[in-house]
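Report on the structure given below.
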Amino acid sequence: MRDLSRLATPGTPEELLVRRIDFDRLPRHVGVIMDGNGRWATAQGRPRVDGHREGVKAVRATVETCARLGIEVLTLYAFSVENWKRPRYEVWTLMNLLKEYLRREIDSLVENDIRLGVIGRWRDLDPSVVRAIEAALERSRDCRRMTLNVALNYSGRCEIVDACRRIVTDWAAGKRADIDEETIGRYLYTSGQPDLDLLVRTSGELRLSNFLLWQVAYSELWVTPTLWPDFRAKDLFEAIVDYQARDRRYGTVAEEGGEPAQERRPG
Ligand code: IPE
Ligand code: IPE
Ligand code: MG
């Protein structure tokens, strides 16, 4: 019997939600477009970067909650290739927050058996950021309970381009593989990880913003008006309860008296 008290305090609205979660049908891979930091700060008459600082608390809460729930992979969209178009000071602050997050949180990630993965063109970032990432990746390399992917200098289109380039390089070196869905999946940054089951976006925006374009093919989408700095365990529980009420048909139709479509995913 799962110890629900680690997920929510008895008697709280969070606990009522946790009780509705079917732990045998959890999404294996959850992705989050963490949006609305700027608006959160602006609404309080504060500079946008204050929203990013506050957003780190939501990251901590979300990582902890996903690990406790038993999610296999959590992917957080932290910085897109398009985000370079932002003011220089905002970009600088985001990079510093990232370094600080890795430095401060890596012990706790390792203690909780959480393996860090970084996806995107992160090797093109400032050398100080690259060093911080490499150190954190190395520290958590053998952790197994959950994988936390941080999407950094990430673009779904660049990911597909990079996969194609690597396939061509391998072909030239004599390592030939059929060009099919399985091969492309294997060359993506998320190689070996399950496709995204549940995509959460905060701040009410109804778009993908170049996030996990391949892996999102049959994800369930869940959008909340809550701004990222205000996002907590309760919001995540709501998303999961809602996800579990969906009929994931994968293009098929429900058979009368048959097994639910969710169980019939091809391949
Ligand atoms: C998300 O919040 C954080 C990043 C994109 C890095 P935003 O900074 O996009 O906040 P809004 O959308 O402007 O409110
Ligand atoms: C998406 O948010 C990128 C991240 C959350 C890192 P944006 O705020 O950059 O997306 P748009 O510009 O609203 O599409
Ligand atoms: Mg935004």
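The first residue of the sequence shown is numbered 1, and numbering continues consecutively from there. Note: hydrogens, waters and symmetry copies are ignored here, and every other heavy atom, side chains too, is used. Keep in mind that what you see is a predicted model, and the values were worked out from it rather than measured. Start at 1 and go down the list; that is how both ligands and their atoms are numbered.
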- Message: Within the 4.0 Å heavy-atom shell around Arg207, which atoms of ligand 2 are there?
- Response: 11 (P), 13 (O), 14 (O)
- Message: Restricting to N, O or S atoms, which atom of Asp35 is closest to the Mg ion (ligand 3)?
- Response: OD1
- Message: Counting C-beta onward and ignoring hydrogens, is there a side-chain heavy-atom pair between Asn149 and Leu116 closer than 4.5 Å?
- Response: no
- Are the side chains of Val130 and Glu134 in touch, meaning some heavy atoms are under 4.5 Å apart? yes
- Note on the structure: Using heavy atoms and a strict 4.0 Å limit, residues surrounding ligand 1 turn out to be Met34, Asp35, Gly36, Asn37, Gly38, Arg39, Arg48, His52, Ala78, Asn83, Arg86, Glu90, Leu94
Counting distance only, does the side-chain N/O of [X] pair as donor-acceptor with the main-chain N or O of [Y] below 3.5 Å?
{"X": "Arg145", "Y": "Asn112", "result": "yes"}
{"X": "Asp178", "Y": "Asp180", "result": "no"}
{"X": "Ser155", "Y": "Arg157", "result": "yes"}

- Item | Residues Glu205 and Arg201 bridged, charged N to O under 4.0 Å | no
- Query: Do Trp122 and Tyr154 make the cut of ring centroids closer than 6.0 angstrom?
  - Reply: no
- Query: Which one holds for Arg201 and ligand 2: side chain close, backbone close, both close, or neither close, with close meaning a heavy atom under 4.0 Å?
  - Reply: side chain
